[in-house]
J.: 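I'd like to ask you about the structure that follows.
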2 protein chains.
Amino acid sequence: MESQDLRKAGLKVTLPRLKVLEILETADHRHLSAEDVYKAMLEMGEEIGLATVYRVLTQFEGAGLVSRLSIEGGHAVFELEDGSHHDHLLCVRCHRIEEFVDEVIEQRQQVIAAEKGFEMTDHSLYIYGVCKHCQKEK
Amino acid sequence: MESQDLRKAGLKVTLPRLKVLEILETADHRHLSAEDVYKAMLEMGEEIGLATVYRVLTQFEGAGLVSRLSIEGGHAVFELEDGSHHDHLLCVRCHRIEEFVDEVIEQRQQVIAAEKGFEMTDHSLYIYGVCKHCQKEK
DNA sequence: GTGTAAATGAGAAGGATTTTCATTTATATT
DNA sequence: AATATAAATGAAAATCCTTCTCATTTACAC
């Protein structure tokens, strides 16, 4: 089933690629760094090189299978692409990531870009804060 | 005048720090990477180490004198803090950076954070696109 | 089955930033 | 003004994340 996605993207169906897909699909949180994927692979008892994880994730991104978040402070985070555009809320304490869509913001961005004479190609919006859980803890 | 700002921040008034401030104030664009500041210093005939530039900019950030933008794809960019919050439009071709404020977006973010149970501490919004100038060029 | 181009793993290399540490400097104290 | 001392500096090494190189392995078309 996933093999088709890989083939469609012009990628050979290899074990590392299938396993990375599997991890992205079954992990308990939707947002994983390359390192997270790498560790999950090892825990799963699968041999893989970190370089391969990065390569595969980048290829998946190119193929539209995953998207890459560029979060403040360093390392990239990947999520399975589900076709729905959304932005992110990040907990500054526990690093939990939640998703949201807001049509008002989407549209205002278009207006602002137009006002400034920009042809908008993309945007990135992150709201940082303390999540419900972490608020309780103190 | 700037010396006061440094003292207030608990920082000794040193030549490197004064010069970095001067560069931030007089540069032709408001948004400079550490490397940009470093080069400007050298062109100005001032000796400085790159490590010092990074240190000083980070301290200035801590003191609220500058803010750090975390743009997609690598290196940080700094701008003099003028008290006014704003977001950024970035040209994907020439890397020009423009600023904007939008009250509608600001407020929607508050609403969204509240809906998700987050205590919002900060946010980062970047709109990417092709600027007016670069549209003409092709 | 076999050839070939693509994929892999290990380690080296890369870029941005931070750290270490010996030396210098600003400022508080004589 | 001289001095003590804590902070600041510069250079180089170290770190972090990511990409590249290259020799070896593998998927897949014939």
Side-chain angles (χ1 to χ4, degrees), chain A residues 2-23 31-42 44-63 65-79 95, chain B residues 2-23 31-42 44-63 65-79 95:
Chain A
E2 299 100 2
S3 318
Q4 303 314 319
D5 295 330
L6 293 179
R7 268 188 255 276
K8 244 182 283 176
L11 300 171
K12 284 187 187 171
V13 178
T14 64
L15 207 64
R17 299 218 254 238
L18 288 173
K19 287 291 174 190
V20 170
L21 264 189
E22 184 184 335
I23 284 163
H31 302 91
L32 300 172
S33 68
E35 194 71 33
D36 291 337
V37 173
Y38 176 64
K39 284 182 189 154
M41 288 284 277
L42 298 188
M44 212 168 174
E46 294 291 333
E47 294 285 307
I48 196 170
L50 185 53
T52 302
V53 174
Y54 275 104
R55 252 184 314 234
V56 166
L57 287 171
T58 301
Q59 292 158 342
F60 284 4
E61 188 192 9
L65 298 175
V66 307
S67 4
R68 179 192 302 253
L69 312 192
S70 304
I71 290 174
E72 248 171 50
H75 64 300
V77 173
F78 299 84
E79 65 180 18
H95 303 110
Chain B
E2 298 99 1
S3 320
Q4 302 314 318
D5 295 330
L6 293 179
R7 266 189 257 276
K8 245 181 284 177
L11 301 171
K12 285 187 187 172
V13 179
T14 65
L15 208 65
R17 300 216 255 238
L18 287 173
K19 288 292 175 189
V20 169
L21 265 188
E22 184 183 335
I23 283 163
H31 302 92
L32 299 173
S33 67
E35 194 72 33
D36 291 339
V37 172
Y38 177 64
K39 284 184 188 150
M41 289 283 279
L42 298 187
M44 213 170 174
E46 295 290 334
E47 294 285 309
I48 197 169
L50 185 53
T52 301
V53 174
Y54 276 103
R55 251 184 314 234
V56 166
L57 287 171
T58 300
Q59 292 159 340
F60 283 5
E61 188 192 10
L65 297 175
V66 308
S67 4
R68 179 193 303 253
L69 312 191
S70 305
I71 292 173
E72 249 170 51
H75 64 304
V77 173
F78 298 84
E79 67 180 16
H95 303 110

J.: Given that B:A34 and B:K12 both sit by DNA chain C, which one's nearest nucleotide is further toward the 5' end?
T.: B:A34

J.: Which nucleotide of DNA chain D is the first, and which the last, in the 5' to 3' direction, to come under 4.0 Å of a heavy atom belonging to chain A?
T.: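 That gives a stretch of D:dC17 to D:dC28.
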
J.: Would A:E35 and A:L50 satisfy side chain to side chain contact (heavy atoms under 4.5 Å, CB included), going step by step from the backbone distance to the final call?
T.: CA-CA 7 Å; A:E35 194 71 33; A:L50 185 53; 4.0 Å; yes

J.: Ignoring hydrogens and geometry beyond distance, is a side-chain donor-acceptor pair present between A:R55 and A:T52 at under 3.5 Å?
T.: yes

J.: Before giving the answer on side chain to side chain contact (heavy atoms under 4.5 Å, CB included), spell out for A:I48 and A:K19 the whole-Å C-alpha distance, their side-chain angles and the decisive distance to 0.1 Å.
T.: CA-CA 10 Å; A:I48 196 170; A:K19 287 291 174 190; over 6 Å; no

J.: Any base atoms under 4.0 Å from B:R7, or only sugar-phosphate, or nothing? Heavy atoms, all strands.
T.: sugar-phosphate

J.: Whole-Å distance between C:dT25 C1' and B:E46 CD?
T.: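 Computing the B:E46:CD to C:dT25:C1' distance gives 15 Å.
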
J.: Determine yes or no for a side-chain-to-main-chain donor-acceptor pair under 3.5 angstrom, with A:R17 supplying the side chain and A:K12 the backbone.
T.: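 Yes.
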
J.: Give the rounded distance in Å between these two atoms: OH of B:Y54 and P of C:dG15.
T.: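 After rounding, the reported distance stands at 12 Å.
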
J.: Rounded to whole Å, please give me the gap between NE2 in B:H75 and C1' in C:dT18.
T.: 17 Å

J.: Which atom pair, heavy atoms only, marks the closest approach of B:P16 to B:M41?
T.: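 That would be O-CE, 4.3 Å.
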
J.: Taking the side chain as every heavy atom from C-beta outward, state whether B:F60 and B:L11 have any atom pair closer than 4.5 Å.
T.: yes

J.: Report the C-alpha distance between B:R68 and B:T58 in whole Å, list the side-chain angles of each, state the deciding distance to 0.1 Å, and finish with yes or no for side chain to side chain contact (heavy atoms under 4.5 Å, CB included).
T.: CA-CA 8 Å; B:R68 179 193 303 253; B:T58 300; 3.2 Å; yes

J.: Can you name the atoms? Protein N/O to nucleotides 8-10 of chain C N/O, anything below 3.5 Å, with the distance.
T.:
residue, atom, partner, partner atom, Å
C:dT8, OP1, A:T14, OG1, 2.6
C:dG9, OP1, A:E47, O, 3.3
C:dG9, OP2, A:G49, N, 3.1
C:dG9, OP2, A:T52, OG1, 2.6
C:dG9, N7, A:R55, NH2, 2.7
C:dG9, O6, A:R55, NH1, 3.2

J.: Supply the atom-to-atom distance A:L6 CG to A:L18 CG, rounded to the nearest 0.5 angstrom.
T.: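 A:L6 atom CG to A:L18 atom CG measures 6.0 Å (nearest 0.5 Å).
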
